[in-house]
Peer 1: 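Sending over a structure as structure tokens; questions will come in a sec.
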Amino acid sequence: MKTERIKSPEGVRNLMAELWDNHVNGVRKNSCRVFMVDLPEPTEEEKRIMAANRANRKPFVLDEETLKITLDNAVGKLGGW
């Protein structure tokens with residue numbers, strides 16, 4: 001499998017446009033394409049925002065009943081599986 005490397009925002013935009021066009025037009029391309037996107041380092045402001053988001057994140061719950069309620073709620077909002 002060949003990995004294509006994308007280094008610019010324009011390259012990502014072009015790839016997304018191509019994938020969307022293929023989807024809209026029903027074109028089936030090879031689904032084994034892999035892309036590596038080189039992202040720039042986050043700015044100091046972006047780092048502060050990410051840290052704040054991590055601090056405000058709700059804890060992960062493994063409780064079976066909570067999981068069932070959450071899944072039922074999601075299924076109701078999405079209209080089924």
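Please read these numbers as outputs of a predicted model, since none were measured by experiment.
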Peer 1: At what distance, to the nearest 0.5 angstrom, does CG of Leu67 lie from CD of Glu65?
Peer 2: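 So the gap between those two atoms works out to 9.5 Å.
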Peer 1: Suppose we screen for side-chain contact (heavy atoms from CB on, under 4.5 Å). Which residues come up paired with Asn25, at least two apart in sequence or across chains?
Peer 2: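 Counting only residues at least two positions away or on another chain, Asn25 forms a side-chain contact (heavy atoms from CB on, under 4.5 Å) with Asp21, Val27.
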Peer 1: Kindly compute the distance separating CD1 (Ile49) from OG1 (Thr43), expressed to the nearest 0.5 Å.
Peer 2: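 Answer rounded to 0.5 Å: 7.0 Å.
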Peer 1: Applying the side chain to side chain contact (heavy atoms under 4.5 Å, CB included) test to Lys68, which of Asp72, Leu71, Thr70 qualifies?
Peer 2: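 Among Asp72, Leu71, Thr70, the one that satisfies the side chain to side chain contact (heavy atoms under 4.5 Å, CB included) with Lys68 is Asp72.
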Peer 1: Going by the rule side-chain contact (heavy atoms from CB on, under 4.5 Å), which residues pair with Glu64 if we only count those two or more places apart in sequence or in a different chain?
Peer 2: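 Listed in chain order: nothing, the list is empty.
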Peer 1: Pro42: what forms a side-chain contact (heavy atoms from CB on, under 4.5 Å) with it, not counting sequence neighbours?
Peer 2: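 Scan of Pro42 (side-chain contact (heavy atoms from CB on, under 4.5 Å), adjacent residues dropped) gives Glu46, Lys47, Met50.
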Peer 1: Is it true that Val12 and Leu19 fall in one hydrophobic cluster, defined by side-chain heavy atoms closer than 4.5 Å?
Peer 2: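 Linked within one cluster.
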Peer 1: Quick one: side-chain hydrogen bond (donor to acceptor under 3.5 Å, both in side chains) partners of Asn53, sequence neighbours excluded?
Peer 2: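 If we apply the side-chain hydrogen bond (donor to acceptor under 3.5 Å, both in side chains) test to Asn53, skipping adjacent residues, there are no hits.
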Peer 1: By side-chain contact (heavy atoms from CB on, under 4.5 Å), which residues pair with Arg48, not counting sequence neighbours?
Peer 2: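 Partners of Arg48 under the side-chain contact (heavy atoms from CB on, under 4.5 Å) test: Glu44, Glu45.
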